[in-house]
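Following: one structure in structure tokens, then a few remarks.
As the structure lists them, so they are numbered: ligands from 1, and atoms in each ligand from 1.
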Amino acid sequence: MIEGTKMAKVAFVGLGVMGYPMAGHLAAKGHDVTVYNRSPAKAEAWVKAHKGSKASTPRSAAEGAEIVFCCVGNDDDLRSVVLGEDGIFAGMASGAILVDHTTASADVARELDGLARDQGLHFIDAPVSGGQAGAENGVLTVMCGGEQASFDRIKPVADCFSRAVTLMGPAGSGQLTKMVNQIAIAGLVQGLSEAMNFGQKANLDMAKVIDVISKGAAGSWQMENRGSTMCEGKFDFGFAVDWMRKDLGICFEEAQRNGARLPVTHLIDQFYAQVQGRGGKRWDTSSLVHLLQND
Ligand SMILES: NC(=O)c1ccc[n+]([C@@H]2O[C@H](COP(=O)([O-])OP(=O)(O)OC[C@H]3O[C@@H](n4cnc5c(N)ncnc54)[C@H](OP(=O)(O)O)[C@@H]3O)[C@@H](O)[C@H]2O)c1
């Protein structure tokens, strides 16, 4: 961080649904941002819309940055932008920090943390919750794994696009926390789907039902924000079924190691596979109700 100004030279790799607006918040708050995206069109659009520059490789984006943020798809995507000759690590200066916002495995987080240490670099796994709207409005929840000293350096910068940035423990702890989040959401969305579908079949006024019960013990963010759109069969609200299945796969692998039983989560993963089979790969996760409404 530049002393006195609190502005940092940063890079952002991966300008997808999440990364594009997150990088935008960093630039809007005055940080010196260099972006990289695999498909150049998104990086070109980003530099037209924001103050900042673009690089032609992850390595060149990372050169000279105090903090490199990254948000790509899965473990393999992450390795492909971080490692190798043109990867982020090859460009980072000693002491710089990589903050990874991808939802990935705790294993890959520990692997990259180890490789970073070998090179005098720092790594923080920092998956997010809050979806596309959270990224666009700069109110994400960020769950971090890593060392306190690195966390203290990145937190004021990550605050630009976040409502809460919390250190959960050593490397991998952010990803483990995100797994808890995804397991909790999977069951909740299925329960909500069954409730909404039941209410519709009972010919109730669902707007009224949601208004009444969302104030009681069954209320949830999902009910308030997705209940009525689920009843209308609208599934165009960000977090895609493909991503959810990727996340649940990560949870199942971790559960095999730690011995946690996930019977309901396994069942819901099968329901999501059925949604994919109906062409719903990019539908949002509330589309579980589609199976009930259309069978
Ligand atoms: N969307 C949500 O609501 C949400 C919420 C919480 C967490 N997440 C997590 O955040 C991550 C990103 O999600 P998103 O919705 O932003 O995804 P997205 O819109 O599909 O964007 C993915 C980004 O990663 C890049 N990328 C993927 N594979 C790559 C590779 N092998 N090499 C280089 N770049 C690669 C893509 O580049 P191209 O443009 O070239 O394809 C794109 O910039 C995922 O791990 C997701 O699970 C998403």
Side-chain angles (χ1 to χ4, degrees), residues 11-25 35-47 54-62 68-89 91 98-106 108-109 112 125-144 158 161-165 174-175 177-186 189 221-222 225-226 235-251 272 281-287:
F12 207 112
V13 171
L15 301 174
V17 166
M18 302 298 282
Y20 188 102
M22 290 162 82
H25 285 294
V35 297
Y36 165 82
N37 196 69
R38 177 179 57 182
S39 343
K42 283 185 200 164
E44 276 153 27
W46 192 93
V47 290
K54 63 182 167 64
S56 55
T57 62
R59 175 187 181 145
S60 53
V68 180
F69 295 92
C70 162
C71 188
V72 294
N74 59 26
D75 285 21
D76 287 342
D77 300 329
L78 183 57
R79 288 192 186 93
S80 80
V81 294
V82 174
L83 306 176
E85 214 176 297
D86 282 332
I88 291 170
F89 278 174
L98 172 59
V99 180
D100 174 39
H101 293 297
T102 310
T103 303
S105 68
V108 78
L112 295 180
D125 51 297
V128 301
S129 168
Q132 181 174 356
E136 287 169 356
N137 297 321
V139 292
L140 291 170
T141 297
V142 188
M143 303 151 244
C144 300
F161 46 73
S162 317
R163 178 161 46 199
V165 184
Q175 296 297 354
T177 306
K178 175 77 182 178
M179 291 175 214
V180 174
N181 186 75
Q182 299 307 73
I183 293 163
I185 283 186
V189 175
W221 183 96
Q222 291 284 340
N225 292 278
R226 295 285 180 274
F235 308 120
D236 187 21
F237 298 97
F239 191 65
V241 168
D242 274 357
W243 282 147
M244 187 59 165
R245 289 211 72 213
K246 181 254 305 178
D247 293 0
L248 294 179
I250 292 169
C251 297
Y272 276 127
K281 291 175 171 211
R282 296 295 291 190
W283 293 353
D284 76 67
T285 45
S286 70
S287 56

Fill in the blank from the handout: Logged contact type for Arg38 with ligand 1, heavy-atom cut-off 4.0 Å, is both

Handout entry: Taking atom 10 (O) of ligand 1 as the reference point, the nearest protein heavy atom with its distance
Key = Cys71 SG, 3.7 Å

Practice task
Starting at CD of Gln132, measure out to CG of Asn137 and round the result to the nearest 0.5 Å.
Solution key: 10.0 Å

Practice task
Using the six-membered ring wherever Trp is involved, compare the ring planes of His101 and Phe12 and label them parallel, tilted or perpendicular (cut-offs 30° and 60°).
Solution key: parallel

Problem - Thr103 N/O to ligand 1 N/O under 3.5 Å - result: yes

Fill in the blank from the handout: Of all protein heavy atoms, the one nearest atom 28 (N) of ligand 1 is Asp77 CG, 3.1 Å

Handout entry: For Leu15, the ligand 1 atoms whose distance to one of its heavy atoms is below 4.0 Å
Key = 43 (O)

Practice task
Determine yes or no for a side-chain-to-main-chain donor-acceptor pair under 3.5 angstrom, with His25 supplying the side chain and Ala135 the backbone.
Solution key: yes

Exercise for the section: Give, for atom OG of Ser60 and atom CD1 of Ile88, the distance between the pair rounded to the nearest 0.5 Å. Expected result: 10.5 Å

Fill in the blank from the handout: Nearest non-hydrogen contact to atom 12 (C) of ligand 1 from the set Val72, Val128, Ile250 belongs to Val72

Problem - For Gly14, atoms of ligand 1 separated by under 4.0 Å from a heavy atom - result: 43 (O)

Practice task
State the atoms of ligand 1, each with its element, that fall below the 4.0 Å cut-off from a heavy-atom position in Gln132.
Solution key: 3 (O)

Practice task
Under 4.0 Å, heavy atoms only, figure out whether ligand 1 is touched by the backbone of Val17, its side chain, both or neither.
Solution key: both

Handout entry: Shortest reach to atom 5 (C) of ligand 1 by a heavy atom, considering only Tyr20, Tyr36, Phe239, Trp243
Key = Phe239

Practice task
Tell me which protein heavy atom sits closest to atom 45 (O) of ligand 1, plus the residue, atom name and distance to 0.1 Å.
Solution key: Gly73 O, 2.8 Å

Problem - Between CG on residue Asp242 and OH on residue Tyr272, distance to nearest 0.5 Å - result: 12.0 Å

Exercise for the section: Measure from the side-chain N and O atoms of Lys178 to the backbone N and O of Val128, and report whether any donor-acceptor pair falls under 3.5 Å. Expected result: yes

Exercise for the section: Without swapping roles, check the side chain of Tyr36 against the backbone of Arg59 for a donor-acceptor pair under 3.5 Å. Expected result: no

Practice task
Select the closest option to atom 38 (P) of ligand 1 among Pro40, Gly16, Ser39, judged by heavy-atom distance.
Solution key: Ser39

Practice task
State the atoms of ligand 1, each with its element, that fall below the 4.0 Å cut-off from a heavy-atom position in Ser80.
Solution key: 30 (C), 31 (N), 32 (N)

Problem - Within-cut-off N or O pair, Asn74 and ligand 1, under 3.5 Å - result: no

Problem - Derivation and outcome, side chain to side chain contact (heavy atoms under 4.5 Å, CB included), residues Ile185 and Asn181 - result: CA-CA 6 Å; Ile185 283 186; Asn181 186 75; 3.9 Å; yes

Practice task
If you have a sec, work out which protein heavy atom is nearest atom 33 (C) of ligand 1 and how many Å separate them, to one decimal?
Solution key: Val81 CG1, 3.3 Å

Handout entry: Top protein contact for atom 47 (O) of ligand 1, by heavy-atom distance
Key = Lys246 NZ, 2.8 Å

Problem - Nitrogen or oxygen atoms of Gly19 and ligand 1 under 3.5 Å apart - result: no

Exercise for the section: Quick one: look up the protein heavy atom nearest atom 16 (O) of ligand 1 and list residue, atom name and how far away it is. Expected result: Met18 N, 2.9 Å

Exercise for the section: Answer yes or no: is there a donor N or O on one side and an acceptor on the other, between the side chain of Asp284 and the main chain of Ala240, under 3.5 Å? Expected result: no

Problem - Under 3.5 Å donor-acceptor, Trp46 side chain and Tyr20 backbone - result: yes

Practice task
Classify the side-chain pair Asp125/Gln175 by whether it contains a donor and acceptor separated by less than 3.5 Å.
Solution key: no

Problem - Structural part of Gln182 in contact with ligand 1, heavy atom criterion under 4.0 angstrom - result: neither

Handout entry: Protein contact of atom 43 (O) of ligand 1 - nearest heavy atom, named by residue and atom, plus distance
Key = Asn37 OD1, 2.6 Å

Practice task
Name the closest protein heavy atom to atom 39 (O) of ligand 1, giving the residue it belongs to and the distance to 0.1 Å.
Solution key: Lys42 NZ, 2.6 Å

Practice task
Considering the heavy atoms of Gly131, write down every atom of ligand 1 situated less than 4.0 Å from one of them.
Solution key: 3 (O), 5 (C)

Exercise for the section: Please answer whether the main-chain N or O of Val72 pairs with a side-chain N or O of Thr102 as donor and acceptor at a distance below 3.5 Å. Expected result: yes

